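Notes follow the structure.
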Amino acid sequence: MTSPTKGARFSDLCRTLEAVASVRGRNEKVRLLSEYLAGLPRDALPIACRFMAGTGGKTNVGWAAVNDAVREVFDTGPGAIRELYLSHGDLGVLVQELMKGGKKSVPLQREELTVPGLQAAFDELAKAGGRGSVERRKKVLVGLLLQCSGVEAKYLIKILSGELRTGATEGTVLEALGKAFAVGRVRDWYLILGDVGALADRLASGDVSEPSPRAFTPVAFMLPLPLPDARSAMAHFGKPVFGEHKYDGVRLQAHRFQEGVKLYSRRMEDVTASFPEVSSALSSLRVSAILDGEVVGFDAGRHIPFVKLQQRLHRRDVGKRMMEEVPLRYYVFDLLYLEGRSMLRSPLAERRRALEGLDLGGDLRPADRFHVEDEAQAEERFRRSRKEGYEGLVLKDPGSGYTPGRRGGLWVKLKEEMDTLDAVIVLAEWGNGKRAGLLSDYTFAIWDGGDLKPIGKAYSGLTDAEIGEMTLALQKIKVGDVWNGIVVKPAVVLEVAFDSVQRSARHSSGFALRFPRIKAVRRDKRPEDADTIEKVRSLYESTGA
DNA sequence: GTGTATCGCTGCC
DNA sequence: ATCAGACCAATTCGG
DNA sequence: CCGAATTGGTCTGATGGCAGCGATACAC
């Protein structure tokens with residue numbers, strides 16, 4: 001027996017996660033989590049929260065890295081690993097299963113893993129770079145696995161691969177924190193601090209004053225609730241609302257302070273370097289402010305399609321050429337902070353008024369805004385937005401404060417579904433996690449002359465029961481195997497919905513679909529009734545993309 | 001040794 | 001991004 | 001009026017296409 005370990009043992013965290021995963025109700029999960037969190041030492045609390053919420057950040061560890069490490073620690077071949085993965089659909093469970101067979105070797109000295117210790121190891125994994133870094137990462141992973149018990153190994157891998165599957169993520173951890181520290185305003189604080197870890201730390205510090213937005217700490221984003229049409233949207237609000245175009249670009253939060261300008265993406269990444277024009281335009285603003293809006297490609301008086309904008313996203317260095325090729329506009333639709341004052345609790349109408357008083361100009365401009373009184377106006381506005389080339393319409397409650405997530409549906413988005421396609425399943429792949437053992441992902445094709453050419457994959461839209469039936473049906477018409485699935489005889493016709501058609505080299509049809517989903521299984525149609533490449537081409541051309 | 005293609009991971013929608 | 005499923009609190013229904 | 005059934009709000013999990021970056025594998 002080792003001496004009592006100071007601080008938070010990883011094994012305790014694992015025990016808690018096991019318990020959380022094993023109970024069904026959310027309330028029960030919250031109770032278990034809050035009991036655990038309340039007893040944690042201060043240094044471990046934020047880390048444990050991030051681990052449990054799955055917001056620990058990038059680890060550079062995925063399937064391949066785990067596979068490599070596992071083959072070093074256990075006496076197994078690729079075949080056995082593949083088989084175990086197929087039957088469980090979870091890397092963590094796979095490792096736990098392998099642990100039952102024992103490791104190749106044991107460490108000279110077993111050390112108790114602690115939560116902060118693990119964080120240090122994860123930092124090492126995330127930071128490792130340069131020649132030989134793959135090997136170094138493998139060493140770290142192998143070292144950790146050698147110290148782990150079965151359950152620890154399972155959760156180690158689950159945390160690293162970002163697939164916890166305990167039925168509790170950020171929302172539940174937040175609730176548990178509120179309960180553990182008996183604070184009701186946790187949601188509001190979370191919005192401002194933007195991270196469960198930072199929130200936990202503040203709670204633990206005993207500081208009960210409400211935080212205020214701060215320079216260069218991104219605020220969690222408010223998101224719209226998707227609704228199918230103008231009628232349901234107006235029924236949802238039951239009163240006049242503000243309307244804005246739905247711009248097809250990327251969400252951007254701008255911090256403009258004396259010390260400088262920084263830009264944040266939806267995942268709250270610092271993306272300042274990707275948008276130098278936006279930064280410099282903001283520099284000339286005379287006030288300190290936090291703005292929320294959408295960056296859109298804009299050239300020669302026209303908005304350019306997202307696929308084009310995509311080509312300059314994520315670039316560490318945006319060259320002059322890119323800046324000329326894909327010019328930008330930043331449409332600002334919200335103001336979260338102005339001259340030392342938080343605007344989060346101010347109603348939208350007031351935030352907009354303040355925003356429109358800011359004198360934005362050039363490529364920096366307030367988003368168009370209009371009043372929508374009733375369903376007919378909503379419908380008319382939506383049509384007009386679509387005709388002018390926007391993705392759709394966003395409706396907002398003018399009296400609402402700025403709140404994180406979709407909560408409350410205070411913002412609602414309306415998009416338009418394109419025409420659907422009837423396509424034939426030609427290949428099916430095995431699912432992961434709760435879809436282990438099921439053929440859950442279907443590659444479908446359309447006719448090009450006498451040939452079936454794949455045009456996309458879809459996994460969503462079917463019920464669990466339908467996926468089950470599909471698995472049986474497809475196995476009956478299997479004609480071959482591929483790496484993660486089976487090739488099938490063209491027989492099953494799907495009606496597939498999507499948002500737009502793109503040119504693409506991914507599929508041999510030369511096209512791909514944006515946001516494909518299964519609308520229906522067309523049992524009434526035979527494969528020869530599926531749509532043709534001519535229809536796809538005309539859909540592509542009609543969108544003007 | 002240099003240049004290029006591919007893989008693995010991540011983050012936009 | 002998308003969708004389905006599960007849970008929970010609040011509201012409505014049936015007697 | 002009480003307990004049961006229904007509804008609406010939220011959260012969770014499984015996965016789509018495109019693209020960059022960094023490390024490594026491969027061609028010469």
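Below, all heavy atoms of this structure are taken into account, side chains as well, without hydrogens, waters or symmetry copies. Remember, it's a predicted structure, so these values are computed and weren't measured experimentally. Every chain is numbered from 1, with letters handed out A, B, ... down the list of sequences.
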Step-by-step salt bridge (charged side-chain N to carboxylate O under 4.0 Å, His left out) determination, A:R50 to A:D195 | CA-CA 8 Å; A:R50 290 194 196 100; A:D195 160 58; 3.0 Å; yes
Under the salt bridge (charged side-chain N to carboxylate O under 4.0 Å, His left out) criterion, do A:R312 and A:E325 qualify, and how do the steps go?
-> CA-CA 9 Å; A:R312 70 165 277 183; A:E325 214 164 292; over 6 Å; no
Stepwise side-chain contact (heavy atoms from CB on, under 4.5 Å) check, A:L309 with A:V326 | CA-CA 6 Å; A:L309 172 65; A:V326 188; 4.2 Å; yes
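Which of D:dA14, D:dC21, D:dG17 sits closest to the side chain of A:R435 comes down to D:dA14. The listed nucleotides are D:dG20, C:dC8, D:dC18; the one nearest the side chain of A:R315 is D:dG20. Each of D:dT12, D:dA19, D:dG17 was ranked by its minimum atom distance to the side chain of A:Q311; first place goes to D:dA19. Picking from D:dG9, C:dT2, D:dC18 the nucleotide with the shortest atom distance to the side chain of A:F515 gives C:dT2. Taking only side-chain atoms of A:K434, from C-beta outward, the nucleotide of D:dC18, D:dG16, D:dA14 with the closest atom is D:dA14.
Between A:R517 and the phosphate of C:dC3, there is a side-chain N or O to OP1/OP2 separation shorter than 4.0 Å. OP1 or OP2 of D:dT12 sits under 4.0 Å from a side-chain N or O of A:T169. Here A:R514 does not reach the OP1 or OP2 of D:dC18: none of its side-chain N or O atoms lies under 4.0 Å away. Here A:R506 reaches the OP1 or OP2 of D:dC18: one of its side-chain N or O atoms lies under 4.0 Å away. Under 4.0 angstrom from either OP1 or OP2 of C:dA9 there lies no side-chain N or O belonging to A:R26. Dashed line: the shortest gap from a side-chain N or O of A:S133 to OP1 or OP2 of D:dG22 is not under 4.0 Å. Within the structure, a side-chain polar atom (N or O) of A:H507 is placed less than 4.0 Å from OP1 or OP2 of D:dG17.
Side-chain contact between A:K154 and A:E18 is present, with at least one heavy-atom pair separated by less than 4.5 Å. At a threshold of 4.5 Å between non-hydrogen side-chain atoms, the residues A:D90 and A:K158 count as touching. Contact of the A:S509 side chain with the A:I533 side chain is registered, since non-hydrogen atoms from C-beta on lie closer than 4.5 Å.
Between A:M52 atom CE and D:dG13 atom P there is a gap of 13 Å when expressed in whole angstrom units. Residue A:L421 contributes atom CG, which lies 15 Å from atom C1' of D:dG16 at whole-angstrom precision. Distance A:W411 CH2 to D:dG9 P: 18 Å, rounded to the nearest Å. Taking atom CG of A:D317 as the reference point, atom P of D:dA19 lies 19 Å away to the nearest angstrom. Protein atom CD1 of A:I304 is 15 Å distant from nucleotide atom C1' of D:dC18, rounded to whole Å. A:L427 has its CG atom 15 Å from the C1' atom of D:dG16, to the nearest Å. Across the protein-nucleic acid pair, A:K29 atom NZ and C:dC8 atom C1' stand 14 Å apart, rounded to whole Å. Rounded to whole angstrom, the span from the CG atom of A:D441 across to the C1' atom of C:dA4 amounts to 16 Å.
First and last contacts of DNA chain B with chain A, using any nucleotide atom under 4.0 Å from a protein heavy atom and ordered 5' to 3', fall at B:dG8 to B:dC13.
Counting all heavy atoms, side chain and backbone alike, A:K457 lies closest to A:P516 at O-CG, 3.2 Å.
Residue-level contact check: A:T443 touches neither bases nor backbone, having no heavy atom under 4.0 Å from any strand. Residue-level contact check: A:L462 touches the backbone only, with heavy atoms under 4.0 Å from sugar-phosphate atoms and none from bases. A:K413 comes within 4.0 angstrom of the backbone, heavy atoms only, and of no base. Counting non-hydrogen atoms under 4.0 angstrom, A:R136 reaches nothing in the nucleic acid. Backbone-only engagement by A:F306 is indicated by non-hydrogen atom pairs under 4.0 Å involving sugar-phosphate atoms exclusively. Counting non-hydrogen atoms under 4.0 angstrom, A:E269 reaches the backbone sugars and phosphates but no base. A:D464 comes within 4.0 angstrom of sugar-phosphate atoms only, judged by non-hydrogen atoms across all strands, and of no base. Using a 4.0 Å heavy-atom distance criterion, A:K415 is classed as a sugar-phosphate-only contact. Residue-level contact check: A:L225 touches neither bases nor backbone, having no heavy atom under 4.0 Å from any strand.
Residues A:N484 and A:R82 bring a donor and an acceptor atom of their side chains to less than 3.5 Å of each other.
Taking the centre of each ring, A:F122 and A:F51 come in below the 6.0 Å mark.
Taking the nucleotide of DNA chain C with the nearest heavy atom to each of A:A465 and A:P224, the more 5' of the two is matched to A:P224.
Sorted by residue number, the members of residues 53-69 of chain A with any non-hydrogen atom under 4.0 Å from DNA chain B read A:K58, A:T59, A:N60, A:V61, A:G62, A:W63, A:A64, A:A65.
Each of A:F382, A:Y331, A:Y390, A:F333 was compared with A:H245 under the ring-ring contact (aromatic ring centres under 6.0 Å, His included) criterion, and only A:Y390 meets it.
At a cut-off of 3.5 angstrom, counting only N and O atoms as typed in the model, there is a donor on one side and an acceptor on the other between the side-chain of A:Q310 and the base of D:dG17.
Using a cut-off of 4.0 Å between Lys/Arg side-chain N and Asp/Glu carboxylate O, A:R31 and A:E35 are scored as salt-bridged.
Cation-pi geometry between A:R503 and A:F511 is met: the NZ or CZ atom falls under 6.0 Å from the ring centre, inside 45° of the normal.
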